[in-house]
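Read through the structure below, which is laid out as structure tokens, and then see the notes.
Since this is a predicted model, take the numbers as computed values, not measurements. Start at 1 and go down the list; that is how both ligands and their atoms are numbered. We number each residue from 1, following the sequence as shown.
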Amino acid sequence: MIVVLFGAPGVGKGTQAVILAQKLGIAHLSTGDAFRAAIKNQTEVGLLAKGYVDAGDLVPDDVVARIVEEAMNGQEFASGCILDGFPRTRAQANALQALLAAKGTAVDRVVNLEVDDETIINRLLQRGRADDQEDIIRNRLSVYNAETAPLLEYYSNLGLLTSVDGIGEVEDVSSRILAVLK
Ligand code: AMP
């Protein structure tokens, strides 16, 4: 099963992806985590991505493709995966479709977690990651609205999209998502 966890920064994609991957026994790919690891290890991809991640801008699609292809060729992805933070642009959605088609598979479901902006900003300020400063958070939200949110219509037109209320206790949100995937 291939599931895309969709939504603005701070809606809880990462938290939910870890729980779902465990419950469903499938892999979890967070492109954000992959970039942070690459930056920490100063790999070539990390050096290319650093300025964008620090500023809260999108890493260019060709660099994203490199990290995703590498991850998805790993053995643990054979039984499926939860994609967290990818795709974020139409070009990435097309690349994902092609990558999966080459493996004879496709996205099964896109779950859009819905949380209002004020709650998002409060959550992220509490989390306190390096890119969780208010001006960078606001930039990430506007990048999401401009470049990523249009994918909602794309996946809705494909009949793959379900929206889920992302407000509430972590376990309650997980149950809502699992109900969609049953
Ligand atoms: P995240 O952990 O998903 O909040 O991502 C943190 C940062 O990593 C983002 O603000 C982007 O700079 C970068 N990033 C993560 N995933 C992507 C992606 N699919 N496309 C472009 N940039 C990404």
Side-chain angles (χ1 to χ4, degrees), residues 2-21 27-74 77 81-100 107 110-117 119-152 154-155 160-161 166 170 173 177:
I2 313 282
V3 177
V4 175
L5 261 191
F6 199 88
V11 297
K13 297 187 297 293
T15 303
Q16 293 299 333
V18 169
I19 296 170
L20 294 170
H28 166 209
L29 172 59
S30 158
T31 44
D33 285 350
F35 284 128
R36 283 181 288 276
I39 290 167
K40 190 163 166 244
N41 296 325
Q42 300 189 352
T43 67
E44 193 190 334
V45 163
L47 295 174
L48 289 169
K50 183 174 176 11
Y52 299 97
V53 173
D54 286 349
D57 290 324
L58 292 185
V59 175
D61 290 330
D62 58 322
V63 181
V64 177
R66 282 173 60 174
I67 220 158
V68 169
E69 272 169 47
E70 197 185 325
M72 289 185 70
N73 283 330
F77 285 87
C81 70
I82 310 274
L83 297 171
D84 154 15
F86 173 82
R88 266 173 150 101
T89 63
R90 183 56 193 273
Q92 290 179 19
N94 291 345
L96 174 62
Q97 197 268 333
L99 203 68
L100 293 175
V107 170
V110 178
V111 178
N112 175 41
L113 286 177
E114 293 185 311
V115 175
D116 60 278
D117 279 7
T119 306
I120 285 177
I121 291 169
N122 287 332
R123 280 186 185 178
L124 291 180
L125 286 173
Q126 278 176 27
R127 183 174 67 178
R129 211 167 68 192
D131 56 349
D132 289 338
Q133 301 159 45
E134 188 151 356
D135 53 337
I136 302 175
I137 293 171
R138 289 198 188 276
N139 185 46
R140 284 157 59 208
L141 285 172
S142 77
V143 166
Y144 170 79
N145 287 322
E147 304 196 47
T148 306
L151 286 178
L152 289 169
Y154 168 72
Y155 282 120
L160 294 176
L161 185 76
V170 169
V173 177
I177 300 172

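The one candidate from Val143, Val63, Val59 that meets the side-chain contact (heavy atoms from CB on, under 4.5 Å) condition with Tyr52 is Val59.
Looking only at heavy atoms of the protein, atom 16 (N) of ligand 1 is closest to Thr31 OG1, 2.7 Å. Nearest non-hydrogen protein atom to atom 8 (O) of ligand 1 is Val53 CG2, 3.7 Å. The nearest heavy-atom contact from the protein to atom 12 (O) of ligand 1 is Asp57 O, 2.6 Å. Nearest to atom 22 (N) of ligand 1 among the protein's heavy atoms is Val59 N, 3.0 Å.
For a threshold of 3.5 Å applied to N or O pairs, the pair formed by Asp131 and ligand 1 contains no separation below that value. In terms of polar-atom proximity, Ser30 is not counted as a contact of ligand 1, lacking any N or O under 3.5 Å from an N or O of the ligand. In terms of polar-atom proximity, defined here as any N/O pair under 3.5 Å, Gly85 does make such a contact with ligand 1. Any N or O atom pair closer than 3.5 Å counts here, and Pro87 shares no such pair with ligand 1.
For the pair Leu151 and Ala93, the tightest heavy-atom approach, listed with the atom from each and the gap, is CD2-CB, 3.8 Å.
Proximity of a side-chain donor or acceptor of Thr31 to a complementary backbone N or O of Gly85 within less than 3.5 Å is detected. At distances below 3.5 Å, not a single donor-acceptor pair connects side-chain atoms of Asp131 with backbone N or O atoms of Ile136.
Look at Asp33 and Arg36 and you find a salt bridge, because one of the NZ, NE, NH1 or NH2 atoms lies within 4.0 Å of a carboxylate O, short of that distance. Using a 4.0 Å cut-off between charged nitrogen and carboxylate oxygen, Asp132 and Arg123 do not count as a salt-bridge pair.
At a heavy-atom cutoff of 4.0 Å, ligand 1 is contacted by the side chain of Val64 but not by its backbone.
Residue-ligand proximity: Arg36 is placed with a non-hydrogen atom under 4.0 Å from ligand 1.
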Applying side chain to side chain contact (heavy atoms under 4.5 Å, CB included), run through Ile121 and Arg138 and close with a yes or a no.
CA-CA 8 Å; Ile121 291 169; Arg138 289 198 188 276; 3.4 Å; yes
Acceptor/donor pairs from residues 64-74 side chains to any protein atom, 3.5 angstrom cut, sequence neighbours excluded:
from	atom 1	to	atom 2	distance (Å)
Asn73	OD1	Lys103	NZ	3.2
Asn73	ND2	Glu69	O	3.1

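Of all atoms in ligand 1, numbered sequentially from 1 with element shown, those under 4.0 Å from a heavy atom of Tyr52 are 12 (O). The ligand atoms of ligand 1 that sit less than 4.0 angstrom from a heavy atom of Gln92 are 18 (C), 19 (N), 20 (N), 21 (C).
Of the listed options Arg88, Arg140, Arg129, Arg88 places a heavy atom closest to atom 3 (O) of ligand 1.
Note on residues 9-18: pairs passing side-chain hydrogen bond (donor to acceptor under 3.5 Å, both in side chains), not counting sequence neighbours, are Gln16-Ser174.
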